[in-house]
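Counting convention: from 1, in listed order, for ligands and their atoms alike. The model shown is predicted, which means the values in this text are computed figures rather than measured ones. Hydrogens, waters and symmetry mates are skipped; everything else that's a heavy atom, side chains included, is used.
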Amino acid sequence: MSTVRIIDGKAVAQTLRGQIAQRVAKLTAAGRTPGLTVVLVGDDPASQVYVRNKVKSCQEVGMRSDMITLPATSTQAEVEAVLKRLSADPAVDGILLQLPLPKGLDSHKAIECIDPAKDVDGLTMASAGALFDGMPSFIPCTPYGCMKLLESVGCDPKGKHAVVIGRSILVGKPVGMLLLAANATVTFCHSATSNLKEIVRQADIVIAAVGRPKMIGADMIKPGAVVIDVGINRTAEGKLVGDVDFDALLPVAGAITPVPGGVGPMTITMLLENTLHAVERRG
Ligand code: NDP
């Protein structure tokens, strides 16, 4: 049996948050406490939990954080007006629009109302373009977290074959661009990939971002591969599982993230990091 390394996202996140708190304390001492404003439209219970966690995490590292809640009946113009007002407000360093928006609202158009200098979720076209150009300003939080987890186990992507399963704008595409920028040879797989098993089996680094419980089995993994499982799926029994069959991969993988406790804790941590970046850039 190989000596698999369990990548402890909670511990990595904890360490990073400690460092962030110290940087925030320094800024605060200089009279410049960073501030994030989260905008929630509607009353989706899952989104409410996510937003509360983001606000709480900001407070834990000493940042200012506001939450603006708009009714589900808000018009596109009303949502955009709030985002434009926050973009123009010098007291706001970072703006996060919680997704998904209620039906009928155009999230792409709304996101474009966020000043790219405050786009701490890294979702504006300006941020996506910068990432594509290899000069990222704000890196989307979950892909950023995946890269930090690779770093935490000393996995340098340079020269390695990284296979990304999933090509969403939130996770798959940006994580692939980051791996490319880190000099990996990157393959993207998706729902129309015909020989998924053969391709994933060639990977030194596997990033699974699909949303299908345990779809990546041990027979798809090259011995020693580093496996980052982004997927969050709830089973019929109410248990959270990833896209990867964690137990089955333990004897095969070189390093692997658990679900929960892997990528999840990193996402908000990188949001805090991006908010600090916003302040440090603005000066
Ligand atoms: P999306 O649904 O937007 O994208 C899923 C991707 O998986 C698509 O590109 C799709 O392909 C691909 N796919 C679907 N079925 C297959 C298949 N059978 N074989 C190969 N590829 C397939 O999801 P997200 O990217 O937003 O999220 C992915 C997962 O990550 C979800 O479980 C989500 O909950 C989780 N997540 C976790 C976060 C965290 O903080 N840990 C943050 C964000 C997401 P196609 O493009 O062809 O449709």
Regarding ligand 1, does Thr267 bring an N or O atom to under 3.5 Å of one of the ligand's N or O atoms? yes

Is there a polar contact between ligand 1 and Ile232, counting only N or O atoms under 3.5 Å apart?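 Yes; at least one N/O pair falls below 3.5 Å.
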
Ala184: side chain to side chain contact (heavy atoms under 4.5 Å, CB included) partners, not counting sequence neighbours: Pro157, Ala162, Leu179, Val186

Counting non-hydrogen protein atoms only, what is the nearest one to [atom]? Give residue, atom name and distance.
{"atom": "atom 20 (C) of ligand 1", "result": "His190 O, 3.2 Å"}
{"atom": "atom 25 (O) of ligand 1", "result": "Ser168 OG, 2.5 Å"}
{"atom": "atom 9 (O) of ligand 1", "result": "Arg167 N, 2.8 Å"}
{"atom": "atom 27 (O) of ligand 1", "result": "Val171 CG2, 4.4 Å"}
{"atom": "atom 35 (C) of ligand 1", "result": "Val230 O, 3.5 Å"}
{"atom": "atom 42 (C) of ligand 1", "result": "Thr142 OG1, 3.3 Å"}
{"atom": "atom 16 (C) of ligand 1", "result": "Val210 CG1, 3.7 Å"}
{"atom": "atom 48 (O) of ligand 1", "result": "Ser191 OG, 3.6 Å"}

Using a strict cut-off of less than 4.0 Å between a Lys/Arg side-chain nitrogen and an Asp/Glu carboxylate oxygen, indicate whether Lys118 and Asp93 qualify as a salt bridge. no

What atoms of ligand 1 come closer than 4.0 angstrom to any heavy atom of Gly264?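 Counting atoms of ligand 1 from 1, those under 4.0 Å from Gly264 are 41 (N).
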
